[in-house]
Amino acid sequence: QVQLVESGGGLVQAGGSLRLSCAASGRTFSNYDVGWFRQAPGKEREFVAAIKWSGTITYYADSVKGRFTISRDNAKNTVYLQMNSLNPEDTDVYYCAAVLSVQAPSRRDRYDYWGQGTQVTVST
């Protein structure tokens with residue numbers, strides 16, 4: 001089992017930045033690929049970014065490419081999502097997820113473990 005806890009969400013003005021953290025406990029986190037997803041009420045959970053266990057390969061949704069950066073510190077069992085140039089369309093609950101080896105990182109059904117989510121609200 002892997003337990004994931006997201007933090008770092010909050011209220012920010014458009015154009016601002018936030019850094020989300022996904023802290024893991026349980027099994028050896030450095031073996032796991034991790035993804036970030038987001039979901040608005042009444043909408044499907046959508047892919048944001050993912051990072052392989054080594055930290056050397058990353059993936060991004062087109063909507064966040066160039067604005068968001070995913071990274072990890074395996075010594076701290078933590079994955080980060082740096083979000084810059086935020087706009088109101090980025091307002092969502094953000095979730096991190098983990099799996100031992102993700103074959104299709106943008107597919108939420110490929111992940112085994114999920115956190116409880118953290119709210120990000122971007123005001124105009």
Side-chain angles (χ1 to χ4, degrees):
Q1 287 286 340
V2 174
Q3 292 79 42
L4 303 173
V5 178
E6 302 94 335
S7 62
L11 175 64
V12 64
Q13 287 190 329
S17 299
L18 282 175
R19 188 177 79 158
L20 305 184
S21 297
C22 173
S25 60
R27 294 184 177 178
T28 307
F29 186 59
S30 57
N31 293 338
Y32 285 77
D33 298 340
V34 174
W36 282 98
F37 291 76
R38 63 187 183 185
Q39 186 172 23
K43 294 188 177 181
E44 290 191 352
R45 193 168 297 186
E46 65 174 13
F47 171 73
V48 175
I51 188 166
K52 297 294 282 183
W53 63 272
S54 63
T56 58
I57 300 174
T58 57
Y59 309 86
Y60 295 94
D62 288 343
S63 58
V64 307
K65 204 170 292 184
R67 300 189 298 124
F68 291 11
T69 302
I70 189 170
S71 62
R72 67 191 298 161
D73 185 341
N74 285 338
K76 296 183 178 180
N77 287 345
T78 303
V79 171
Y80 304 98
L81 185 68
Q82 177 68 42
M83 305 187 297
N84 299 329
S85 302
L86 286 162
N87 58 63
E89 289 70 37
D90 295 315
T91 295
D92 277 315
V93 177
Y94 284 71
Y95 300 87
C96 65
V99 65
L100 268 177
S101 178
V102 67
Q103 300 304 312
S106 64
R107 290 186 56 169
R108 61 184 184 272
D109 63 344
R110 298 302 175 94
Y111 292 83
D112 293 329
Y113 304 101
W114 291 85
Q116 84 290 347
T118 185
Q119 176 71 49
V120 171
T121 303
V122 184
S123 65
T124 55

Provide the closest heavy-atom pair for V120 versus G9 in the form atom of the first, atom of the second, distance. CG2-CA, 4.1 Å

Give a yes or no on whether the backbone of S123 and the side-chain of Q13 come within a donor-acceptor separation of less than 3.5 Å. no

What about V99 and I57, same hydrophobic cluster or not, with Ile/Leu/Val/Met/Phe/Trp/Tyr joined at side-chain heavy-atom distances under 4.5 Å? yes

Could you note down all residue pairs passing disulfide (SG to SG under 2.5 Å) where residues 26-70 supplies at least one of them, sequence neighbours left out? none

Determine the minimum heavy-atom distance between S21 and T78, stating which atoms define it. CB-CG2, 4.1 Å

Not counting sequence neighbours, list each pair that qualifies as a salt bridge (charged side-chain N to carboxylate O under 4.0 Å, His left out) and has a residue in residues 95-104. none

Value rounded to 0.5 Å, distance of CG in N77 from OG in S30: 7.5 Å

Just jot down the side-chain hydrogen bond (donor to acceptor under 3.5 Å, both in side chains) partners of S54, sequence neighbours excluded, or say none. T56

Hydrophobic clustering (ILVMFWY, side-chain heavy atoms < 4.5 Å, transitive) - are V102 and F29 grouped together? no

Please list, chain by chain and in numerical order, all residues satisfying side-chain hydrogen bond (donor to acceptor under 3.5 Å, both in side chains) with S25, sequence neighbours excluded. Q3

Quick one: do V48 and Y113 end up in the same hydrophobic cluster if we chain Ile, Leu, Val, Met, Phe, Trp and Tyr together by side-chain heavy atoms under 4.5 Å apart? yes

Distance (rounded to the nearest 0.5 Å) between T69 OG1 and M83 CE: 11.0 Å

What is the minimum heavy-atom distance between V2 and A24, and which atoms define it? CG1-CB, 4.3 Å

What distance separates T28 OG1 from L100 CG, expressed to the nearest 0.5 Å? 9.5 Å

Mind checking whether L81 and V79 have side chains closer than 4.5 Å, heavy atoms only? no

Nearest 0.5 Å please: distance from the OG1 atom of T58 over to the NZ atom of K52. 11.5 Å

Residues two or more places apart in sequence or in another chain: which of them pass salt bridge (charged side-chain N to carboxylate O under 4.0 Å, His left out) with E44? R108

Contacts satisfying salt bridge (charged side-chain N to carboxylate O under 4.0 Å, His left out) that involve residues 75-89 (not counting sequence neighbours) are none

Has the side chain of N84 got a donor or acceptor atom that lies under 3.5 Å from a matching backbone atom of S17? no

Output every pair passing disulfide (SG to SG under 2.5 Å) with a member in residues 18-124, not counting sequence neighbours, ordered by first then second residue. C22-C96

Return the set of residues passing salt bridge (charged side-chain N to carboxylate O under 4.0 Å, His left out) with R110 (not counting sequence neighbours), or none when no residue passes. none

When clusters are formed by joining ILVMFWY residues with side-chain heavy atoms under 4.5 Å apart, either directly or through shared neighbours, do V12 and L20 land in the same one? yes

Qualifying ring-ring contact (aromatic ring centres under 6.0 Å, His included) pairs with a residue from residues 47-100, counting only residues at least two apart or across chains: F37-F47

Hydrophobic cluster membership, V64 vs I70, 4.5 Å side-chain cutoff: yes

Which residues share a side-chain hydrogen bond (donor to acceptor under 3.5 Å, both in side chains) with N74, sequence neighbours left out: R72

Those residues at least two apart in sequence (or on a different chain) that pass salt bridge (charged side-chain N to carboxylate O under 4.0 Å, His left out) with D90 are R38, R67

Within the 4.5 Å heavy-atom criterion, are T91 and Q119 side-chain neighbours or not? yes

Partners passing salt bridge (charged side-chain N to carboxylate O under 4.0 Å, His left out) against R45 (at least two apart in sequence or in another chain): none

Tell me if a side-chain donor or acceptor on E6 pairs with a main-chain N or O of Q116 at a distance below 3.5 Å. yes

